[in-house]
Amino acid sequence: MYRLVFTQVLRRLDAEAVHHRTVRALALLARLPLLKRLLHRALAPHDPALRVSAFGVHFPGPLGLAAGFDKDAACAEGIAALGFSHVEVGTITAHAQPGNPRPRLFRLVPQRAVINRMGFNNAGAAAAARRLRRTRGVPVVVGVNIGKTKVVPEAEAADDYVASAKELAPLADYLVVNVSSPNTPGLRDLQAVTLLRPLLSAVKEVADGTPRRTPLLVKIAPDLADEDVDAVADLAVELGLDGIIATNTTIRHGGETGGLSGRPLKARSLEVLRRLRAKVGDRLVLVSVGGVEDVDDVWERLLAGATLVQGYTGWIYGGPLWASRIHRQLSRRVRRHRLSSITEIIGRTA
């Protein structure tokens, strides 16, 4: 049914307009307690065999929603009610900003991919913090992804990230430093270890100082050279970070300006994951994102060493029940392999 609706209706509409309408619908769902709880009971992962613990946080399943959809922390509960084990909100910047000019979101349907050049459009850290303070009506793990405000110069980037962290780290189940979006000029330059070390150190001081110590991760680009992936991994271990999210979108494509996500990113994302696992073993939590489309992709990422997996473009093409369907399929696969927990396969082929 969803495939028919997508083919005949949704793909003919402006991609960003559909995105905003979906966010509003899920935000409305989040404000309807009975419906939200009924959907969560029916669609969220409840199988004990799918539970995963990472950096001291308990997840009901391995598959979550990547950053980029819920940019303002407006609808995390609605998303969780559809079957995601966790929701990473953002990217959120210290100051509100409109993002890049439209059009800035493009579907590549034959490739099951999306190009975006949104540019961190969001209402700012203070506005997101107000939403995150609301009592959650259904259990949901919420990660918060922070980035640099566009108008802030590189020399002041660390202070800008710290400002966001002070607002958001106490309210997050985990915090992510995003230095890998291609849509903020100069942002990816911050992945260079000489610039990344002081930035991460400053944000980590804030995260460590929250009442429950907020776990800190860094999100990297798939376009890093292998030696730079290794350098970031070494830095993350050195600084005592909790994990790495790999990967963001790629600029290596021939389409519109912006970052490409979806099926074409699958091979490189998996390659970076395997390289990170070989480098750090189980000293860091690895979160794999990029080209995740179905249960086979999730299973493969876990085998390769990911503790958690995220998707976004796969949800666009897979429909609203995509995450719930994959978690049900994972439950059946765990039992077929006679495992007591899905964690038993993590890193098995690494």
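The first residue of the sequence shown is numbered 1, and numbering continues consecutively from there. Just so it is clear, the values below take in all heavy atoms, side chains as well, and ignore hydrogens, waters and symmetry mates.
- Checking side-chain atoms of Ser269 against main-chain N and O of Leu265 turns up no donor-acceptor pair under 3.5 Å.
- When the shell of 6.0 Å around CZ of Arg41 is examined, it contains 12 or fewer heavy atoms from other residues, nucleotides or ligands.
- Here the side chains of Asp160 and Glu156 are not in contact, with every heavy-atom distance at 4.5 Å or above.
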- Task: Tell me, with the steps shown, if Phe55 and Leu217 meet side-chain contact (heavy atoms from CB on, under 4.5 Å).
- Result: CA-CA 10 Å; Phe55 36 77; Leu217 296 83; 3.9 Å; yes
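- Ion pairing between Lys204 and Asp242 fails under the 4.0 Å rule for side-chain N and carboxylate O.
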- Take Val152 and Asp159 through the test side-chain contact (heavy atoms from CB on, under 4.5 Å) and record every step on the way to the result. CA-CA 9 Å; Val152 170; Asp159 291 339; over 6 Å; no
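- In this structure, Asp223 and Ile251 approach most closely via the heavy-atom pair OD2-N, 3.0 Å.
- Taking the ring centroids of His40 and His46, they lie under the 6.0 Å cut-off.
- With hydrophobic clusters built from ILVMFWY side chains whose heavy atoms lie under 4.5 angstrom apart, Leu13 shares a cluster with Val109.
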- Task: Could you give me the CA-CA distance, side-chain angles and deciding distance for Phe59 and Arg51, then say whether side-chain contact (heavy atoms from CB on, under 4.5 Å) is met?
- Result: CA-CA 6 Å; Phe59 297 76; Arg51 293 174 186 163; over 6 Å; no
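- To the nearest 0.5 Å, atom NE2 of residue His19 and atom CG of residue Asp14 are 11.5 Å apart.
- With salt bridges taken as basic N to acidic carboxylate O contacts below 4.0 Å, none links Asp294 and Arg325.
- Ser331 places a side-chain heavy atom less than 4.5 Å from the side chain of Leu50.
- At distances below 3.5 Å, at least one donor-acceptor pair connects side-chain atoms of Asn116 with backbone N or O atoms of Met118.
- For the residue pair Thr313/Ser261, the side-chain donor-acceptor check at 3.5 Å is satisfied.
- Across all their heavy atoms, Thr307 and Ala54 have their closest contact at CG2-CB, 4.0 Å.
- Checked by atom type and distance alone, the side chain of Glu344 pairs as donor or acceptor with a backbone atom of Ser341 at under 3.5 Å.
- At distances below 3.5 Å, not a single donor-acceptor pair connects side-chain atoms of Thr91 with backbone N or O atoms of Gly147.
- For Asp72 (side chain) and Ala123 (main-chain N/O), a donor-acceptor pair under 3.5 Å exists by modelled atom type.
- Salt bridge annotation for Glu300-Arg274: present, with a cationic side-chain nitrogen under 4.0 angstrom from a carboxylate oxygen.
- Formation of a donor-acceptor pair under 3.5 Å by the Arg283 side chain with backbone atoms of Lys279 is found in this model.
- Going from atom OG1 of Thr93 over to atom NZ of Lys71 covers 10.5 Å, rounded to the nearest 0.5 Å.
- Cluster membership for Ile115 and Tyr312, using ILVMFWY side-chain heavy atoms within less than 4.5 angstrom, is not shared.
- The shortest distance between side-chain heavy atoms of Arg333 and Val295 falls below 4.5 Å.
- With contacts defined as side-chain heavy-atom distances shorter than 4.5 Å, the pair Pro264/Leu260 qualifies.
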- Take Asp70 and Arg24 through the salt bridge (Lys or Arg N to Asp or Glu O under 4.0 Å) test and state the conclusion after the steps. CA-CA 10 Å; Asp70 188 4; Arg24 286 195 293 270; over 6 Å; no
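- Evaluated for a side-chain hydrogen bond (donor to acceptor under 3.5 Å, both in side chains) with Glu77, the options Arg134, Arg31, Arg37, Lys36 yield exactly one hit, Lys36.
- Residues Val144 and Ile92 are in side-chain contact: their nearest non-hydrogen atoms beyond the backbone lie under 4.5 Å apart.
- A salt bridge between Asp47 and Arg335 is present, with a side-chain N of the basic residue lying under 4.0 Å from a carboxylate O of the acidic one.
- Leu105 and Phe120 fall within the same hydrophobic cluster, where Ile, Leu, Val, Met, Phe, Trp and Tyr residues are linked whenever their side-chain heavy atoms come under 4.5 Å apart, directly or through other members.
- Proximity of the aromatic rings of His327 and Trp322 is defined here by a centroid distance below 6.0 angstrom, and this criterion is not met.
- Residues Val52 and Leu273 fall within the same hydrophobic cluster, defined by Ile, Leu, Val, Met, Phe, Trp and Tyr side chains chained together at heavy-atom separations under 4.5 Å.
- Under the 3.5 Å distance criterion, the side-chain polar atoms of Ser324 are left unmatched by any main-chain donor or acceptor of Gly83.
- No side-chain donor from either of Asp208 and Thr210 sits under 3.5 Å from a side-chain acceptor of the other.
- Asp228 and Arg275 are not joined by a salt bridge, as no carboxylate oxygen comes within less than 4.0 angstrom of a charged side-chain nitrogen.
- In this structure the side chain of Arg301 reaches within 4.5 angstrom of the side chain of Val292, judged on heavy atoms.
- No more than 12 heavy atoms of other residues, nucleotides or ligands sit less than 6.0 Å from atom CD of Glu205.
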- Message: side chain to side chain donor-acceptor pair (under 3.5 Å), that's the test. Do Ser201 and Arg197 meet it? Break it down for me.
- Response: CA-CA 6 Å; Ser201 297; Arg197 177 180 280 106; over 6 Å; no
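- Under the 4.5 Å side-chain contact rule for hydrophobic residues, Phe106 and Ile316 do not share a cluster.
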- Query: Is there a side-chain contact (heavy atoms from CB on, under 4.5 Å) between Leu302 and Ile342 once you walk through the steps?
  - Reply: CA-CA 9 Å; Leu302 296 170; Ile342 199 166; 3.6 Å; yes
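- The closest donor-acceptor contact from the side chain of Asn100 to the backbone of Arg117 lies under 3.5 Å.
- Residues Val23 and Phe69 have side chains in contact (heavy-atom distance under 4.5 Å, counting atoms from C-beta outward).
- The shortest heavy-atom contact between Ala221 and Gln191 is N-OE1, 3.0 Å.
- The shortest non-hydrogen separation linking Pro320 to Leu82 is O-CB, 3.8 Å.
- One N or O on the side chain of Asp173 and one on the backbone of Val142 form a donor-acceptor pair closer than 3.5 Å.
- For the atom pair CG of Leu43 and CZ of Phe84, the computed distance is 11.0 Å after rounding to the nearest 0.5 Å.
- One finds the CG atom of Leu65 at 7.5 Å from the CD atom of Gln310 (value rounded to the nearest 0.5 Å).
- No side-chain heavy atom of Asn121 sits less than 4.5 Å from a side-chain heavy atom of Gln97.
- Taking a cutoff of 4.0 Å between a charged side-chain nitrogen and a carboxylate oxygen, Lys266 and Glu293 qualify as a salt bridge.
- Residues His95 and Thr149 bring no donor and acceptor atom of their side chains to less than 3.5 Å of each other.
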